[in-house]
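Take a look at the structure set out below.
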Amino acid sequence: MTIAAHFEIEYLQYLGPDGKLVTDLPTGFEVKSLLPLFKQMLYVRVFDTKAIALQRTGKLGTYAASLGHEATHVGIGASMRPEDVFAPSYREYGAQFMRGVRPREVLMYWGGDERGNDFAGPKNDYPWCVPISTQCLMAAGAALAFKLRKEPRIAVSCCGDGGSSKADFYAALNSAGAYKLPLVLCVINNGWAISVPRAAQTGAETLAQKGLAGGLHCLQVDGNDLIAVLESMRRASERARSGEGGSVIEFMTYRLHDHTTADDARRYRGEDEVKAGWAREPMLRLRSFLAGKKLWDEAQEKAWLEECGKLVDVEINAYLESKVQPVEAMFDFLYADPPPDLLAQRAAAIALEKRNG
Amino acid sequence: MTIAAHFEIEYLQYLGPDGKLVTDLPTGFEVKSLLPLFKQMLYVRVFDTKAIALQRTGKLGTYAASLGHEATHVGIGASMRPEDVFAPSYREYGAQFMRGVRPREVLMYWGGDERGNDFAGPKNDYPWCVPISTQCLMAAGAALAFKLRKEPRIAVSCCGDGGSSKADFYAALNSAGAYKLPLVLCVINNGWAISVPRAAQTGAETLAQKGLAGGLHCLQVDGNDLIAVLESMRRASERARSGEGGSVIEFMTYRLHDHTTADDARRYRGEDEVKAGWAREPMLRLRSFLAGKKLWDEAQEKAWLEECGKLVDVEINAYLESKVQPVEAMFDFLYADPPPDLLAQRAAAIALEKRNG
Amino acid sequence: MAEPTPAPAAITLIEAITQALAYEMRIDPAVVVLGEDVGINGGVFRATAGLQQAFGSERVLDTPLDETTIAGLTVGMASQGMKPVAEAQFDGFMYPMVDFIVCHAARMRYRTRGRLTCPMVLRIPWGGGIRAPEHHSEANESIFTNVPGLRVVMPSSPARAYGLLLAAIREPDPVIFFEPKRIYRQYKEIVPDDGEALPLDVCYVLRDGSDLTLVTWGAQVKETLEAADALAKEGISAEVIDVATLKPLDFATIAESVARTGRCVIVHEAAKTAGFGAEIAARLAEESMFDLVAPVERVTGYDTHIPLFRLEMKFLPSVDKIVAAAKRAMAHS
Amino acid sequence: MAEPTPAPAAITLIEAITQALAYEMRIDPAVVVLGEDVGINGGVFRATAGLQQAFGSERVLDTPLDETTIAGLTVGMASQGMKPVAEAQFDGFMYPMVDFIVCHAARMRYRTRGRLTCPMVLRIPWGGGIRAPEHHSEANESIFTNVPGLRVVMPSSPARAYGLLLAAIREPDPVIFFEPKRIYRQYKEIVPDDGEALPLDVCYVLRDGSDLTLVTWGAQVKETLEAADALAKEGISAEVIDVATLKPLDFATIAESVARTGRCVIVHEAAKTAGFGAEIAARLAEESMFDLVAPVERVTGYDTHIPLFRLEMKFLPSVDKIVAAAKRAMAHS
Ligand SMILES: Cc1ncc(C[n+]2csc(CCOP(=O)(O)OP(=O)(O)O)c2C)c(N)n1
Ligand SMILES: Cc1ncc(C[n+]2csc(CCOP(=O)(O)OP(=O)(O)O)c2C)c(N)n1
Ligand SMILES: [Mg+2]
Ligand SMILES: [Mg+2]
């Protein structure tokens with residue numbers, strides 16, 4: 001039997017669900033560096049909880065929570081440089097906050113206001129992306145721009161397990177391979193695409209191996225283990241920065257919440273599964289690990305959570321107090337140079353608005 | 001290092017370019033069964049030559065030759081059952097002739113007449129497909145229909161090396177894996193997609209490994225070796241028929257002709273490469289192998305080529321003598337139940353035609 | 001089928017969709033439903049609620065998350081003798097389906113001279129006004145109306161949803177079936193589950209009138225009827241036509257009405273320029289010019305994207321805007 | 001740039017495209033060209049002939065064979081400060097690009113309130129009449145004309161091809177640039193390589209006339225001008241307008257002409273129903289009704305697919321058909 005090619009998909013995990021190391025830490029890894037990231041994870045969870053509450057009380061539109069994904073999101077954010085470009089799907093707040101997106105912007109966006117996408121922080125990052133996985137291919141285009149201009153920047157994009165079925169995801173990995181792009185494709189496998197389980201998406205044993213279709217570097221990672229997330233992202237970004245090309249990383253995590261606030265997951269999944277998800281969630285193990293290292297305790301947690309609450313409330317208030325854009329906002333920013341017919345419609349809309357009081 | 005998954009891509013070759021076996025024949029393989037297929041390959045080559053000549057003399061539109069692909073095409077055709085469904089790209093005449101498509105239909109199609117797609121033979125086969133690789137996904141749909149109806153049929157589809165970059169190809173393999181479809185995806189890697197070489201399409205070492213992205217069975221095959229083609233198709237169809245799901249087979253061959261008669265390959269590829277292609281082409285080795293087995297000789301070849309010439313000429317004449325469809329043909333077969341406005345346009349077109357004589 | 005029909009209850013438009021799907025799946029084993037989350041979840045709008053439970057997962061298929069896949073599989077199945085009813089989860093997600101619809105569904109019969117056909121339905125929850133996120137509120141029917149070989153349908157009541165969907169599934173050619181999601185649950189009416197299809201090639205006159213003709217489709221039927229009420233209070237008699245079957249267009253019904261009223265206001269949610277309203281106005285300019293006493297008016301979405309939901313209602317045609325246009329038309333005589 | 005300009009030679013429309021691409025690549029390093037076979041092969045129509053040789057393979061990129069990829073990479077590059085000019089090899093292959101064009105290119109500026117933009121050009125060889133295979137002859141401009149945020153352009157002469165393509169590349173918003181392939185090599189004219197762009201928002205009056213207005217675009221400009229000649233011989237004075245920039249539409253120029261002539265015949269290659277001609281007719285019905293002495297006429301492709309090439313010329317508008325429509329219009333006064 002002649003073998004034309006041969007592949008292995010590595011799996012990375014350091015911290016088990018019980019908060020114990022299952023293997024040695026990556027060389028040179030500083031345990032202390034986990035602390036600010038753990039705090040960031042807690043912050044995101046506070047934000048999530050409050051955003052859900054806002055939606056439930058009618059003060060926010062449909063909202064996609066990131067509950068359970070915090071290690072993956074924060075780990076991705078922590079591994080990026082400011083000049084890199086991030087192309088998120090719609091729930092990677094942890095990564096975005098680390099890049100300078102403000103919680104009030106998240107709320108504006110889900111609150112039905114385009115200004116949420118006008119990030120004060122990362123000016124070149126892509127906004128939330130509703131058409132699944134199209135962000136991955138835009139990120140490939142961004143990476144191509146960096147490569148052509150010989151800039152030392154990389155593009156990082158996230159999609160879900162469902163998103164890894166999308167033609168655009170395949171197009172992204174195909175072009176990353178064809179052009180050896182500085183691109184990291186993060187497949188955040190949380191087990192579900194709304195009601196469709198991971199197993200129904202594909203016959204592939206891992207989602208990581210999809211990268212083989214484009215000749216990319218592939219890794220499967222425990223996405224609830226912040227250390228593994230950091231290490232996988234370090235490897236992939238180093239490859240990207242050094243011209244070795246793109247990666248597909250599958251982060252195994254779990255969606256603890258409904259798909260969005262518009263969804264009711266009880267229709268399609270059992271409680272046992274969710275329970276098991278809570279046992280493997282990322283905060284638990286990291287908290288216990290840091291506590292073991294005497295880097296964190298209950299009092300610290302209580303104080304920090306309180307502070308988080310205050311910080312988030314400031315953001316919520318900024319959102320709640322924001323005025324709705326004037327009617328002409330829907331005409332503005334359509335063209336740099338708006339055509340006369342459009343300006344006439346704009347004027348008519350303003351006039352109508354005035355007439356209606 | 002933990003390994004999440006592990007893969008090997010097998011390469012199949014029996015008959016080397018020199019016509020010598022490089023390994024044992026597949027168990028139970030009957031050498032004699034190659035003879036009619038070799039004759040079929042010769043027939044296709046005669047057809048190709050005459051079709052190109054027709055185009056050069058202005059009697060045919062753009063034509064895509066199959067020169068060099070004969071072993072792959074005929075091997076695929078030979079492996080299918082009449083009730084299976086074939087979804088070709090636009091040059092797999094060898095496979096189609098074996099399924100009952102008539103050369104006159106090929107000519108009608110490239111001669112600008114829709115009736116070429118109304119095959120007398122395989123009533124459920126798909127017509128030639130211009131939008132690259134969309135046929136692969138339609139074939140997946142056909143395979144899904146067979147599976148849902150519990151029919152013992154399989155779908156076979158072909159695309160090129162270029163076609164394996166297309167989102168539709170990925171969608172086809174993704175759904176084949178997700179639904180375990182009785183589908184065989186044949187990637188005919190002839191080295192070029194018009195002027196774009198295989199290396200520019202993807203970073204993957206083999207095109208076969210793209211199947212891993214969907215959890216499919218993958219094989220790379222010497223597509224100029226009819227025996228290897230037959231064996232690979234036997235394995236893949238058996239898997240498909242027995243419910244084991246889909247395959248991606250990469251057939252390594254070479255496009256000896258220009259992309260189509262509208263192309264001039266000298267603009268982008270060297271003569272040396274083409275020369276090397278002629279040394280590896282499928283007829284050469286098979287002829288020498290069969291001659292060695294005393295199954296074929298020069299006299300037989302001469303007689304058969306003469307017969308082929310006559311057979312093809314009958315087809316060419318049928319095409320050349322075919323009347324152009326009447327003007328109303330462009331309105332017919334648009335809807336089963338054509339709307340009145342369309343019928344009015346049809347009547348007007350007929351009237352105009354009459355007026356113009 | 002032999003069972004006695006239960007006394008019909010009033011149902012919403014979305015329930016009428018479910019009822020039609022269930023009816024046709026019962027009588028025709030070739031009908032299968034596919035899409036994202038259409039299975040155990042019953043669709044994000046509950047259009048397929050209960051169908052997988054009733055007909056099994058070989059009749060109601062969750063697909064991988066890829067609209068290209070849904071469209072391609074649908075065309076493949078349809079061309080091999082099945083009658084797939086596919087769902088695009090939202091209007092904004094159907095663009096990757098355009099290639100298969102235009103290049104294959106719409107041409108399969110034509111290019112094979114009738115050897116292969118494509119009896120499929122693509123259901124698309126359509127339009128704005130439900131405070132949904134970006135890409136969930138598009139009025140993109142015009143993308144299909146220039147494509148020969150398609151039928152484009154949009155019901156605006158439970159009864160028409162039921163009858164038109166049955167007709168669409170039975171139709172031997174591909175049908176794009178837009179469902180105005182804003183009125184999915186607007187009101188209920190009694191829709192007997194009698195399997196009676198409605199014609200796919202007529203406009204529905206919802207209200208008779210003599211002074212002007214209001215032509216619309218989809219969710220805007222609501223505002224248009226309300227505008228007719230408001231106009232009636234001012235002594236203006238407006239005829240209201242629900243186009244319902246956009247392609248092929250039953251222009252005769254519109255022309256006949258305008259011949260009587262002499263005025264026409266076209267109302268639609270999509271952006272004005274090159275929206276489907278243009279075709280109706282064009283037909284009037286060609287065939288009814290001498291009947292018109294007033295210029296045609298279009299009350300439509302503005303030529304911009306429907307904004308996120310804080311502003312979306314200001315984008316949509318409103319009763320106010322329709323009434324104003326009608327009065328402008330009435331100023332001519 | 002400091003070199004003396006060589007004496008300009010007469011060039012074809014396709015050569016004017018190449019000339020514009022080369023000019024802009026010389027003066028703007030952000031401009032890159034990408035597509036299938038655009039590199040060493042110079043494109044299947046030779047539009048990019050010599051560009052990779054002149055500017056290198058980092059400015060002229062062959063892409064993998066996937067139109068979704070081309071569109072997505074283009075939007076990605078454009079939103080990160082480049083000015084990509086992408087090519088769809090033929091009109092019939094651009095459908096997989098629709099998603100990125102509609103959902104991202106057309107909305108990037110809008111949805112981010114100007115933070116990210118999408119200055120890109122998509123070049124599409126367009127239309128029938130060259131005896132090409134299936135899917136190589138589509139007139140599908142209407143798929144984009146209802147989409148806010150886009151510009152849609154179609155030149156019909158070497159000079160306009162040059163000037164409009166320069167303008168399109170410099171435009172800060174996405175431009176869909178249709179190239180009528182039937183007239184790629186129809187005739188030559190002198191087009192100085194002076195980098196002068198043409199406006200993207202005006203219709204071009206190609207011939208003055210007083211009896212009726214013929215409005216058209218793309219390859220049909222040829223037949224329309226010939227029809228005007230034929231009409232002139234019969235004493236009918238036809239004004240001919242090349243729309244050239246379909247979206248945004250310069251309706252004022254058309255309205256002004258029709259105000260003088262009172263008659264309008266719209267000529268286009270796409271199927272009639274909901275083709276872009278409908279929008280022009282609709283505007284006339286709204287804004288020029290009292291100027292019109294005759295019903296508007298549309299001379300278009302039939303409401304069917306353009307047939308394979310044995311019959312394709314019978315599908316397309318012809319001088320005959322245009323003259324006949326003009327005479328019908330002249331019968332009214
Ligand atoms: C093109 C497209 N199709 C459908 C949807 C509707 N939709 C939104 S999220 C979602 C599931 C996504 O699942 P996954 O990719 O696993 O990401 P997750 O939400 O689990 O993070 C679907 C189907 C969409 N947004 N875009
Ligand atoms: C969607 C689409 N894009 C572009 C083309 C134009 N085109 C026709 S054949 C071809 C190259 C195909 O190469 P490959 O898939 O390797 O097949 P081969 O012709 O070599 O057999 C291209 C780009 C097309 N037919 N369809
Ligand atoms: Mg998921
Ligand atoms: Mg090839």
Side-chain angles (χ1 to χ4, degrees), chain B residues 61-62 64 90 108-117 127-134 160-170 193-197 200-202 259-260 262-265 267-269 324-327 329-332 334 339 341-342 345-346 348-349 352-353 355-356, chain D residues 35-46 48-49 52 57 61-72 89-90 92-97 99 130-138 271-273 300-316 318 320-321 324:
Chain B
T62 302
Y90 40 78
M108 284 285 247
Y109 175 72
W110 292 111
D113 192 317
E114 287 79 5
R115 289 173 297 181
N117 280 327
W128 293 285
C129 187
V130 171
I132 298 288
S133 292
T134 53
D161 43 316
S164 79
S165 294
K166 192 94 186 305
D168 307 83
F169 174 77
Y170 284 112
I194 310 186
S195 72
V196 181
Q201 291 292 340
T202 170
H259 168 66
T260 64
D263 175 48
D264 179 1
R267 279 210 289 263
Y268 53 79
R269 73 176 178 189
V324 174
Q325 295 178 99
V327 71
M330 73 171 109
F331 299 94
D332 297 338
L334 184 64
D341 284 349
L342 187 70
Q345 291 185 4
R346 182 180 187 272
L352 184 69
E353 197 63 9
R355 218 183 55 209
N356 292 348
Chain D
E36 294 157 11
D37 303 291
V38 299
I40 188 168
N41 199 38
V44 290
F45 286 106
R46 327 281 311 120
T48 56
Q52 190 177 67
S57 54
L61 288 85
D62 278 329
T63 62
L65 206 177
D66 184 50
E67 283 70 17
T68 305
T69 297
I70 300 175
Q89 201 159 76
F90 280 88
F93 308 149
M94 66 75 176
Y95 298 105
M97 299 174 147
D99 190 40
I130 63 157
R131 299 178 66 80
E134 204 184 355
H135 302 285
H136 290 67
S137 309
E138 315 296 299
K272 180 177 186 179
T273 297
T300 68
Y302 297 113
D303 278 318
T304 182
H305 302 291
I306 187 166
L308 292 188
F309 66 77
R310 270 185 166 182
L311 283 179
E312 70 175 329
M313 295 315 290
K314 300 203 192 278
F315 172 91
L316 297 177
S318 62
D320 259 22
K321 291 178 195 168

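Proteins come first, then strands; the chains are lettered A, B, ... in the order of their sequence lines, and each starts at number 1. Fair warning: this is a prediction, and the values are worked out from it, not measured in the lab.
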Once rounded to the nearest 0.5 Å, what's the spacing between atom [atom1] of [X] and atom [atom2] of [Y]?
X	Y	atom1	atom2	result
D/K314	B/N356	NZ	CG	7.5 Å
B/W128	D/E134	CH2	CD	11.0 Å
D/I40	B/Y268	CD1	OH	10.5 Å
B/D264	D/N41	CG	CG	8.5 Å
D/R131	B/T62	CZ	OG1	9.5 Å
B/I132	D/H135	CD1	NE2	10.5 Å

>> Counting heavy-atom pairs closer than 4.5 Å to chain B, which one of D/T69, D/L65, D/T304, D/D303 comes out on top?
In response: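 So the answer, after comparing D/T69, D/L65, D/T304, D/D303, is D/L65.
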Please state whether the side chain, the backbone, both or neither of [X] comes within less than 4.5 Å of a heavy atom of chain D.
X	result
B/P326	backbone
B/F169	neither
B/R269	neither
B/I194	both
B/A349	both

Query - Close side-chain approach of B/V196 and D/E36, heavy atoms under 4.5 Å - result: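 SC-SC contact between B/V196 and D/E36 ruled out.
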For [X] and [Y], work out which heavy atoms get closest and say how close.
X	Y	value
B/F331	D/Y302	CZ-CG, 3.4 Å
D/P133	B/W110	CG-CZ3, 4.1 Å
B/A193	D/D37	O-OD1, 3.4 Å

By ring-ring contact (aromatic ring centres under 6.0 Å, His included), D/H136 pairs with (sequence neighbours left out) D/F90, D/F93
Highest number of heavy-atom pairs under 4.5 Å with chain D: which of B/G160, B/G163, B/P131?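 If we count pairs closer than 4.5 Å to chain D, B/P131 comes out on top.
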Exactly one of B/Q325, B/E114, B/M330 clears side chain to side chain contact (heavy atoms under 4.5 Å, CB included) with D/L308, and that residue is B/E114
Q.
Under 3.5 Å, is there a donor on one side chain and an acceptor on the other for D/D66 and B/S165?
A. no
